[in-house]
Amino acid sequence: MNIFVIMKRTFDTEEKIVINDGVIDEEGAEFIINPYDEYAIEEAIVLRDEHGGEVTVVTVGDEEAEKELRTALAMGADKAALIDVEDIEEEIDHYSISKALTSYLKDQEYDIILGGNVAVDDGAGQVAPRVAEGLGINQVTTITNLEIDGQTAKIERDVEGDVEQIETTLPVLVTCQQGLNEPRYPSLPGIMKAKKKPLDTIDLDDLDLEEEDVKAKTKTLDRFLPPEKQAGKVLEGEVDDQVNELVSLLKNEAKVI
Amino acid sequence: MAKKVLVLGEVKDGDLRNVSFEVIAAGKQIADGGEVVGALFGENLKSHAEKMIHYGADRVVTAEKPELSQYTTDAYTQALLQVCDLESPESIIIGHTSSGKDLAPRAAAKLDAGLVSDAVDVVMENGKAVFTRPIYSGKAFEKKAIEEGIVFATVRPNNIAPLDENSSRSGDISSINVDIKDLRTTIKDVVKKTSGGVDLSEAKIIVAGGRGVKSAEGFKPLEELAEVLGAAVGASRGACDAEYCDYSLQIGQTGKVVTPDLYIAAGISGAIQHLAGMSNSKVIVAINKDPDAPIFEVADYGIIGDLFDVIPKLTEEFKKVTT
């Protein structure tokens with residue numbers, strides 16, 4: 001089975017965000033594999049171990065992302081590809097990234113493509129469905145269970161808390177939701193092996209794309225931090241008094257009930 | 001310049017969701033005096049279509065087919081694209097719901113369009129729609145505009161205030177025949193897990209538990225409080241990791257991002273990754289034994305105490321107030 005994972009390198013979720021002149025300050029920040037993409041990598045490895053084949057992890061970014069690709073290889077992926085867009089000076093968006101990924105994937109043979117259902121930095125969740133449309137294949141988003149039998153995929157997906165049980169056929173693109181699996185940590189032998197696994201760097205030329213083809217459709221005008229929340233009122237007294245006061249405050253001051 | 005805006009209403013389990021009115025309000029902003037056209041897919045849509053008109057849609061286009069009674073990517077993408085073909089809107093607004101998240105990027109790709117996802121606000125600046133959207137799960141925000149082509153966006157439920165209902169408003173409701181074919185997925189079953197049907201992303205009130213709840217059983221008092229308040233139950237990553245509850249309840253940077261009117265955090269310490277998912281709630285109440293818990297730094301009202309003492313009393317007190 002040919003398995004592809006689309007991955008993004010993101011800020012660690014424990015990082016505080018600092019913005020200078022509308023630009024996110026990345027100085028000293030820890031980067032990780034987007035946590036939802038870790039579920040995708042884990043699921044891909046499990047599928048390969050069960051059905052045979054190969055797992056390729058692909059990302060769009062600059063050479064910094066090689067670190068996260070190596071981590072994916074250390075977890076157990078077989079190959080990695082970096083679509084390097086460092087030379088593009090203009091802002092790129094989901095349209096640009098999915099164009100590049102689609103161009104890369106359309107020349108590959110794939111049975112299933114996995115990704116995270118959203119990236120924890122940008123939070124849009126656009127790229128995977130855009131890629132599925134670009135490739136003309138089916139998609140199932142926010143999956144929490146996956147079983148493949150021949151050309152049939154039995155999938156459970158999270159729909160705002162309820163579980164939808166779906167049947168579809170390969171090839172398919174799925175996006176992974178929490179609860180799908182427990183991503184493994186890279187083992188020491190895994191880390192050693194990862195150093196020798198193939199990691200290809202590809203640029204737009206290799207994909208027969210011009211910068212114009214991946215020109216962003218959207219533009220970021222500003223970034224800012226929300227007003228800092230002031231610590232509120234800690235209620236005093238016995239539990240009964242606290243509860244009475246709270247209910248009265250919610251009703252009369254905050255007016256939310 | 002006046003624009004024609006297509007807004008997609010959403011029917012779930014036979015009910016028209018609130019987000020259907022919120023997309024109309026967003027659509028009105030962008031239309032800038034132009035027409036807001038509602039679209040509805042499913043079955044038995046007439047009364048829902050009227051409701052959309054009462055809430056400000058100028059007219060509504062419906063596509064009624066058994067294949068559209070439940071959301072599937074293929075059926076809804078086909079229906080939306082056919083409506084777009086017919087109406088040629090200059091802008092499309094969809095709710096950032098489970099189905100909207102699945103549909104909008106796919107349709108945007110097909111239309112070769114840009115898309116702003118998960119907007120919490122939209123204003124017109126020099127004739128251009130400027131959207132505000134959270135990034136890093138609400139740790140920061142960005143303003144985004146579409147540079148060329150269709151102005152396409154999804155809006156987060158609960159953030160854009162609907163217009164006032166006016167039941168004397170009238171408008172044209174037309175039914176169109178869409179061609180739905182080659183469906184690649186079959187929904188075998190839907191297992192309902194949400195408590196009392198209150199969904200986290202649209203809930204006005206959320207009662208959430210953390211590690212302090214101590215067990216699956218410990219969620220009981222929270223569920224009772226939620227029932228009295230008509231609230232949804234949520235949880236922190238700690239509670240989910242400890243298997244006190246299902247991951248579908250998780251609120252945080254991994255998990256759901258919520259913005260209810262009232263968020264009651266019980267036994268949640270307030271890790272950065274949890275705060276990212278809920279700190280933009282309008283009013284936050286924290287109940288925790290540890291006075292140094294970071295949750296108190298974002299709470300409007302705090303009670304330092306044992307949730308198992310406080311919550312049942314709170315439930316009793318709310319019962320008096322809400323009846």
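Predicted, not measured: the structure shown is a model, and the values here were computed from it. Chain letters run A, B, ... following the sequence lines, proteins first, then strands; residues in each count from 1.
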**Student:** Between B:P260 and chain A, with a heavy-atom cut-off of 4.5 Å, which part of the residue counts as in contact: side chain, backbone, both or neither?
**Tutor:** neither
**Student:** Report, in residue-number order, which members of residues 246-257 of chain A are under 4.5 Å from chain B by heavy-atom distance.
**Tutor:** A:L246, A:V247, A:L249, A:L250, A:K251, A:E253, A:A254, A:V256, A:I257
**Student:** Grab the two heavy atoms, one from B:E317 and one from A:V243, that are nearest each other, plus how far apart they are.
**Tutor:** CB-CG1, 3.8 Å
**Student:** Report the C-alpha distance between B:K110 and A:E133 in whole Å, list the side-chain angles of each, state the deciding distance to 0.1 Å, and finish with yes or no for salt bridge (charged side-chain N to carboxylate O under 4.0 Å, His left out).
**Tutor:** CA-CA 7 Å; B:K110 188 75 186 177; A:E133 175 61 37; 3.8 Å; yes
**Student:** For A:E238, is it the side chain, the backbone, both, or neither that has a heavy atom closer than 4.5 Å to a heavy atom of chain B?
**Tutor:** neither
**Student:** Go through the atoms of A:I155 and report whether side chain, backbone, both or neither lie under 4.5 Å from a heavy atom of chain B.
**Tutor:** neither
**Student:** Picking from B:I146, B:T132, B:D189, which has the most non-hydrogen pairs under 4.5 angstrom with chain A?
**Tutor:** B:D189
**Student:** Where do B:R133 and A:D122 land on the side chain to side chain contact (heavy atoms under 4.5 Å, CB included) test, with the steps shown first?
**Tutor:** CA-CA 9 Å; B:R133 61 182 302 274; A:D122 171 74; 3.2 Å; yes
**Student:** Answer yes or no: are there more than 12 heavy-atom neighbours, outside A:E91 itself, under 6.0 Å from its atom CD?
**Tutor:** yes
**Student:** Between A:E182 and chain B, with a heavy-atom cut-off of 4.5 Å, which part of the residue counts as in contact: side chain, backbone, both or neither?
**Tutor:** side chain
**Student:** Could you give the distance from CZ (B:F131) to OG1 (A:T218), rounded to the nearest 0.5 Å?
**Tutor:** 11.0 Å
**Student:** Other residues, nucleotides and ligands only: do more than 12 of their heavy atoms fall within 6.0 Å of CG on A:N20?
**Tutor:** yes
**Student:** Considering non-hydrogen atoms only, spot the tightest contact between B:D102 and A:Q139 and give its length.
**Tutor:** O-NE2, 2.9 Å
**Student:** Looking at A:T10, A:I24, A:V118, A:N117, which makes the most heavy-atom pairs under 4.5 Å with chain B?
**Tutor:** A:I24
**Student:** B:D118, B:V298, B:L249, B:L103: which one forms the most heavy-atom pairs within less than 4.5 Å of chain A?
**Tutor:** B:V298
**Student:** Mind jotting down which residue pairs meet the salt bridge (Lys or Arg N to Asp or Glu O under 4.0 Å) criterion with at least one end in residues 281-305 of chain B? Sequence neighbours excluded, please.
**Tutor:** A:K229-B:D300, B:D261-B:K282
**Student:** Using heavy-atom distances under 4.5 Å, tell me whether A:L235 contacts chain B through its side chain, its backbone, both, or neither.
**Tutor:** both
**Student:** Going by heavy atoms in the side chains, are A:T141 and B:K101 under 4.5 Å from each other?
**Tutor:** no
**Student:** Out of curiosity, B:K139 NZ to A:I19 CD1, how far, rounded to the nearest 0.5 Å?
**Tutor:** 12.0 Å
**Student:** Check whether B:Q273 reaches the backbone of A:T13 with its side chain - one donor and one acceptor, N or O, closer than 3.5 Å.
**Tutor:** no
**Student:** So which heavy atom on A:P226 is nearest to which on B:G138, and how close?
**Tutor:** CG-O, 3.8 Å
**Student:** Please answer whether the main-chain N or O of B:R184 pairs with a side-chain N or O of A:T168 as donor and acceptor at a distance below 3.5 Å.
**Tutor:** yes
**Student:** Can B:I272 and A:K16 be said to form a side chain to side chain contact (heavy atoms under 4.5 Å, CB included), step by step?
**Tutor:** CA-CA 8 Å; B:I272 287 181; A:K16 281 204 166 140; 4.0 Å; yes
**Student:** If you count heavy-atom pairs under 4.5 Å with chain A, which of B:P291, B:G305, B:G255, B:A276 comes out on top?
**Tutor:** B:G255
**Student:** Between B:K144 and A:L221, is a side chain to side chain contact (heavy atoms under 4.5 Å, CB included) present by the stated rule, with each step listed?
**Tutor:** CA-CA 6 Å; B:K144 253 186 139 96; A:L221 308 173; over 6 Å; no
**Student:** Just checking heavy atoms, which of residues 94-105 of chain A are less than 4.5 Å from chain B?
**Tutor:** A:H94, A:Y95, A:K99
**Student:** Heavy-atom cut-off 4.5 Å, strictly under: side chain, backbone, both or neither for A:T142 against chain B?
**Tutor:** neither
**Student:** To check you understand the geometry: which heavy-atom pair defines the closest contact between A:R223 and B:I135, and what is its length?
**Tutor:** CD-CD1, 4.0 Å
**Student:** I'd like to know if the side chain of A:E160 and the backbone of B:S98 have a donor-acceptor N/O pair within less than 3.5 Å.
**Tutor:** yes
**Student:** Quick check for you: among A:V120, A:D93, A:T169, A:L225, which has the greatest number of heavy-atom pairs under 4.5 Å with chain B?
**Tutor:** A:V120
**Student:** What's the spacing between B:C240 SG and A:Q178 CD if we round to 0.5 Å?
**Tutor:** 6.5 Å
**Student:** Can you name the residues that form a salt bridge (charged side-chain N to carboxylate O under 4.0 Å, His left out) with A:D111, not counting sequence neighbours?
**Tutor:** none
**Student:** What pair of heavy atoms forms the shortest contact from A:G179 to B:Y247, and how long is it?
**Tutor:** CA-CD1, 3.6 Å
**Student:** Between A:R130 and B:R106, is a side chain to side chain contact (heavy atoms under 4.5 Å, CB included) present by the stated rule, with each step listed?
**Tutor:** CA-CA 5 Å; A:R130 278 181 179 273; B:R106 182 127 198 160; over 6 Å; no
**Student:** With chain B as the partner, which of A:K215, A:E164, A:R157 has the greatest number of non-hydrogen pairs under 4.5 Å?
**Tutor:** A:E164
**Student:** NZ of B:K188: more than 12 outside heavy atoms within 6.0 angstrom?
**Tutor:** no
**Student:** Give a yes or no on whether A:D149 atom CG has more than 12 heavy-atom contacts from other residues, nucleotides or ligands under 6.0 Å away.
**Tutor:** no
**Student:** Testing the basics here: between B:P105 and A:G125, what is the closest heavy-atom pair and its distance to 0.1 Å?
**Tutor:** CG-O, 3.9 Å
